[in-house]
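Residue numbers start from 1 in every chain, and the chains themselves are labelled A, B, ... in the order their sequence lines are given, proteins ahead of strands.
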2 protein chains.
Amino acid sequence: MATIKDVAKLAGVALSTASYALSGDSKVSTKTKDKVLEAARQLNYRKNGFAMDLKRSRTNTIALILTDLSGPYYSELIRSIQDVALTNGYDMIACSSMGGQDSTAVRFLREKRVDGAIVLAQNITDDTLLESAGDRFPIVVMDRELTGSGLINVRVDSEHGGYTATKYLIDAGHQTIAYISGPSNSSDNALRYQGYLRAMHEANLEEKAKWRLGGNFVREGGYSATKMMMMQGDMPSAIFYGNDEMAIGGLKALEEGNISVPNDISIIGFDDIQLAEYLTPPLTTVRQPKHESGSLAGHLLFQMLNKEEVNEAYKLTIELIERASVQQLIPMNNEK
Amino acid sequence: MATIKDVAKLAGVALSTASYALSGDSKVSTKTKDKVLEAARQLNYRKNGFAMDLKRSRTNTIALILTDLSGPYYSELIRSIQDVALTNGYDMIACSSMGGQDSTAVRFLREKRVDGAIVLAQNITDDTLLESAGDRFPIVVMDRELTGSGLINVRVDSEHGGYTATKYLIDAGHQTIAYISGPSNSSDNALRYQGYLRAMHEANLEEKAKWRLGGNFVREGGYSATKMMMMQGDMPSAIFYGNDEMAIGGLKALEEGNISVPNDISIIGFDDIQLAEYLTPPLTTVRQPKHESGSLAGHLLFQMLNKEEVNEAYKLTIELIERASVQQLIPMNNEK
DNA sequence: CTGAAAGCGCTAACAG
DNA sequence: CTGTTAGCGCTTTCAG
């Protein structure tokens, strides 16, 4: 691999001159510059990224850290953050935190291989985040309420989302409502569930243990939780799935059991993934402002990178998307 | 930020000792090691990633380069490659090539910020790939038939896929078959289309220009191409969508126009994304062996990294997934 | 404008 | 086992 030294030699100039020419500095005559560029071309010279980063101690890159790079939910988020990065002249890379504390993601945080990070990965501990963040390394977390030096969070109001979804079901006349939950270590899930509980209590409705099943936020989980509920024999009048993925699985289970949605049972999801509107029936759900939250997180990160003042925590509101998976048992506009 | 020098000083040992202790080398006494580790903890010392990479001139990281990190199609691929990387003790990062030649992805290739890459991104030119690849930097391309020094490809047999899909439609008794194509710069699309053409010619069926529309491989594209076809008034008996995403859009357009699938028209997709089976009706499609191709690409990359011999090109076969979006007009088992 | 020289933080000989 | 030393490839003063 040719180095800048080789280029300088071939072009017959000093090392520094070559460096300046290569980075487009204006203190080099056009003629010399051309000579250097030509030499570089001939040698198929490529800057060595690390050397540059090491010297500059800046990478011009931010990382987006996700538990799992796959999954439809993340798509929009990735895109919105990428856009912000691009407009700020930064690169963005996505790393998975699969593997927990030994993952690529954690290494990137610890070893500061990027200039800052946006994190949405439950399997990274608070400690790691707190430890890695700092003045010179801003982090924006999106999945918990953590703050610290160089560490802020932007969140979606999940509690309110859970409340809204449940309230909507109740207002439609449903009295028995199941909640299919996500993983227990997910603060989002806990909040959605809390919102569900608040709405239930407010309406003096009982929350039954047999109708509180775990689906781990994945399709198969929703499917088997629903199957299990069906096997119990006693179905609620509505099911609130902690996220859309689980609702999709649930829909399948219901269909297989010849239970019609929304005629026999109503279901509501959470997230509003792209797919939701293509389901049969189109899924009523709670929209997460993915684009907004991604953009916001991105913008905040760059503000921190530029040493501007930002708040410690941001909360975005959700929106209920009415589609066709919930049956209105009683006319809309009732109290309680 | 504390450096290894500070750690060594605090621990009262030499620089190299600290380095050895920190990397878990066995030539350091447990006692000294503990001292060093303790000092590191106190200083909240973190290795500087670049310095290490620069010195080692190895990153232990591979990159997966995709046009767009979002999109359901990639999810499985990402996962399978990530798995392979993990088992090989490597990290994987995903970069988007959004921005073409100026993108993060191209920078990573050019500046060799990783040890090797798997590329599935049409907007990166052959030249860039050829130039970046080499003995010390293996690349596996998945979206074109390019080979070169340190550059191999693994592909899915798209032509055969296109042929199979079309043949299936013809065998089912369909005579007028439209093809909704992807972007013109996609070699996959070209191949699928070629397969379509071959099957049509073989059956002496005519391919009409008015039934060859572009949908750019995206949902909205499939939607508007279908709408356009509907506006023309003359519908074919079957539509072959170049990928499932476009078929989803098409399905929506058809539904809006009260055209029933598969009663009024049959449709077939390509890819077999997760969603396909959840559609109404479940989509008949051509399955791409995403998991297999991802794993294969990953394995090959690691073989190259280990200087093992590999072939230049690999081709995986597709599989037709019969679901409910194609109507059998004539009994199955006919000739031609 | 150009050239020499000093490191960025780390690893890995090499000689005690 | 420990300490000294020489760079990895690049940027960037600082004098010519």
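- In the model, B/T32 has a side-chain atom that pairs as donor or acceptor with a side-chain atom of B/S29 under 3.5 Å.
- Heavy-atom distances under 4.0 Å link DNA chain D to B/L54, B/K55 of residues 52-61 of chain B, given in residue order.
- The distance from atom CD of A/E111 to atom P of C/dC8 is 19 Å, rounded to the nearest whole Å.
- No salt bridge links A/D53 with A/R58; every basic N to acidic carboxylate O contact stays at or beyond 4.0 Å.
- A/S16 comes within 4.0 angstrom of a base, heavy atoms only.
- With sequence neighbours left out, the salt bridge (Lys or Arg N to Asp or Glu O under 4.0 Å) criterion links B/R155 to B/E145, B/D188.
- Within the 4.5 Å cutoff, the side chain of A/M98 has no heavy atoms near those of the A/S103 side chain.
- The nearest whole Å value for the distance from the OH atom in B/Y20 to the P atom in C/dC14 is 11 Å.
- As rounded to whole Å, 13 Å separates atom P of C/dA12 from atom CG of B/L22.
- Summarising the geometry, the separation between CD1 on B/I4 and C1' on C/dG7 is reported as 17 Å, rounded to the nearest angstrom.
- Ion pairing between a basic and an acidic side chain is recognised when a charged N comes within 4.0 Å of a carboxylate O; A/E38 and A/K35 show no such pairing.
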Item checked: B/S19/B/S16 under side-chain hydrogen bond (donor to acceptor under 3.5 Å, both in side chains): CA gap, chis, key distance, verdict -> CA-CA 5 Å; B/S19 173; B/S16 60; over 6 Å; no
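- Test B/V114, B/N60, B/T61 against B/Y90 for side-chain contact (heavy atoms from CB on, under 4.5 Å) and you get one pass: B/N60.
- Heavy atoms of B/T32 sit under 4.0 angstrom from primed sugar atoms or phosphate atoms, though from no base atom.
- C/dT11 atom P lies 14 Å from atom CZ of B/F50, rounded to whole Å.
- Other residues, nucleotides and ligands place more than 12 heavy atoms under 6.0 Å from the NZ atom of B/K307.
- With a cutoff of under 4.0 Å to any heavy atom of chain A, the contacted region of DNA chain D is bounded 5' to 3' by D/dG9 to D/dT13.
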Checklist line | Worked check of side-chain hydrogen bond (donor to acceptor under 3.5 Å, both in side chains) between A/D143 and A/Q122 | finding: CA-CA 7 Å; A/D143 65 350; A/Q122 295 138 18; 4.9 Å; no
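- The distance from atom NZ of A/K112 to atom P of C/dC8 is 19 Å, rounded to the nearest whole Å.
- Between A/T17 and C/dG3 there is a side-chain N or O to OP1 or OP2 distance below 4.0 Å.
- Atom OH of B/Y45 and atom C1' of C/dG9 are 7 Å apart (whole Å).
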